[in-house]
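Step one of this worksheet: look at the structure below.
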There are 2 protein chains.
Amino acid sequence: MKQPKPRITHQREVILEELRAVTSHPTADELYDQIRQRLPRISLATVYRNLEWLTDQGLVQKIEVGGRQKRFDGNPEKHYHIRCLNCGKVDDIELAPIQTLETSVEGQCGYRILGHRLEFQGLCPACVHAEQ
Amino acid sequence: MKQPKPRITHQREVILEELRAVTSHPTADELYDQIRQRLPRISLATVYRNLEWLTDQGLVQKIEVGGRQKRFDGNPEKHYHIRCLNCGKVDDIELAPIQTLETSVEGQCGYRILGHRLEFQGLCPACVHAEQ
DNA sequence: GCATATATTTATAATAAATATATATATTTT
DNA sequence: AAAATATATATATTTATTATAAATATATGC
């Protein structure tokens with residue numbers, strides 16, 4: 001029942017570096033494309049596995065915004081996101097997490113509240129511009 | 001360029017009825033299982049297609065909570081949800097939509113804000129109980 | 001520095017959810 | 001009733017992700 005001792009592999013380091021290097025919130029395969037420029041023989045499964053691992057370690061976060069694919073964020077701090085309904089772009093929102101939201105529903109439905117997720121939706125500057 | 005005239009088919013009616021009959025927020029295949037008790041020969045693709053259509057019509061809503069599968073809600077009114085992190089159950093939250101959330105981020109990032117989604121996470125009563 | 005144990009990678013296959021396609025069937029229009 | 005068109009069914013395909021097995025790389029003790 002003992003935990004396997006994790007190893008610092010080159011792939012693992014590069015995946016974390018590359019995710020931290022971007023302010024976008026890439027999907028696993030977007031990041032895979034980016035990483036292959038440094039490690040051409042890396043496997044997509046390795047990217048998935050390590051993103052999962054890095055998330056468990058609290059070094060990055062997996063964000064489940066709308067759309068099919070999950071996205072990853074090199075910033076592990078809690079914060080909100082906004083997603084463009086037209087092109088899928090995801091940006092950070094400068095708004096401190098609102099703890100009172102959770103207290104306002106506490107006890108309401110018998111759930112033990114553990115967190116919340118707030119996602120804004122709209123049109124990004126580029127898509128607003130293109131719309132005119 | 002004329003719009004096709006939609007037809008009220010028996011399948012379409014049954015799908016809407018069955019979704020309205022439950023307070024859970026079933027996935028397409030959960031609803032498929034339920035509907036097959038009335039229409040044993042219905043196809044899963046028909047369920048998907050009509051749920052999409054009913055959503056477009058504003059008669060039901062598709063909710064993308066965490067987890068892989070999309071869920072459907074027979075109540076088309078805007079409202080928030082809470083999801084059990086353990087068993088995946090989704091319940092309604094009695095909290096009126098907070099419009100000020102959107103105004104508080106307006107103009108912040110160049111996005112045209114069109115909406116927001118707030119999802120609470122926690123443990124449902126059954127899972128809280130089972131945990132002891 | 002070398003040997004050993006084992007965690008991790010790679011490549012590929014498997015899975016699951018959703019969608020597309022090809023026909024069959026049903027409904028409406030003429 | 002015939003033609004046109006919408007919808008359903010059954011099945012195949014696509015897409016995203018995860019699991020598996022063999023090969024490789026890493027940490028640790030000598």
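Computed from a predicted structure; not experimentally measured.
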With a 4.0 Å cutoff (strictly under), does any side-chain N or O of [X] reach OP1 or OP2 of [N]?
{"X": "B:Y48", "N": "C:dT19", "answer": "no"}
{"X": "B:T9", "N": "C:dT27", "answer": "no"}
{"X": "A:R12", "N": "D:dA25", "answer": "no"}
{"X": "A:K5", "N": "C:dT8", "answer": "no"}
{"X": "B:T46", "N": "D:dT9", "answer": "yes"}
{"X": "A:R49", "N": "D:dT18", "answer": "no"}

Exactly one candidate in B:N50, B:L44, B:T46, B:I42 meets side chain to side chain contact (heavy atoms under 4.5 Å, CB included) with B:I35; the answer is B:I42
d([atom1], [X]; [atom2], [N]) in whole Å:
{"X": "B:N50", "N": "C:dT19", "atom1": "CG", "atom2": "P", "result": "13 Å"}
{"X": "B:H10", "N": "C:dA26", "atom1": "NE2", "atom2": "P", "result": "13 Å"}
{"X": "B:I42", "N": "D:dT7", "atom1": "CD1", "atom2": "C1'", "result": "11 Å"}
{"X": "A:Q11", "N": "C:dA11", "atom1": "CD", "atom2": "C1'", "result": "14 Å"}
{"X": "A:E52", "N": "D:dA16", "atom1": "CD", "atom2": "P", "result": "17 Å"}
{"X": "B:Q69", "N": "D:dA16", "atom1": "CD", "atom2": "C1'", "result": "13 Å"}
{"X": "B:Q57", "N": "D:dT7", "atom1": "CD", "atom2": "P", "result": "10 Å"}
{"X": "A:R7", "N": "D:dT26", "atom1": "CZ", "atom2": "C1'", "result": "5 Å"}

Sort and list the pairs that fulfil salt bridge (charged side-chain N to carboxylate O under 4.0 Å, His left out) and have at least one residue in residues 47-56 of chain B, not counting sequence neighbours.
-> B:E52-B:K62
Between the main-chain N or O of B:C127 and the side-chain N or O of B:H129, is there a donor-acceptor pair closer than 3.5 Å?
-> no
Got a salt bridge between B:R117 and B:E64, using NZ or NE/NH1/NH2 to carboxylate O under 4.0 Å?
-> no
For [X], report the nucleic acid contact type (base, sugar-phosphate, nothing); a contact means any heavy atom under 4.0 Å.
{"X": "A:D29", "result": "nothing"}
{"X": "B:L44", "result": "nothing"}
{"X": "B:A45", "result": "base"}

Does any donor atom in the side chain of A:H81 or A:E119 lie under 3.5 Å from an acceptor atom in the other side chain?
-> no
Heavy-atom nearest nucleotide on DNA chain C taken for A:L39 and for B:K70; more 5' hit belongs to A:L39
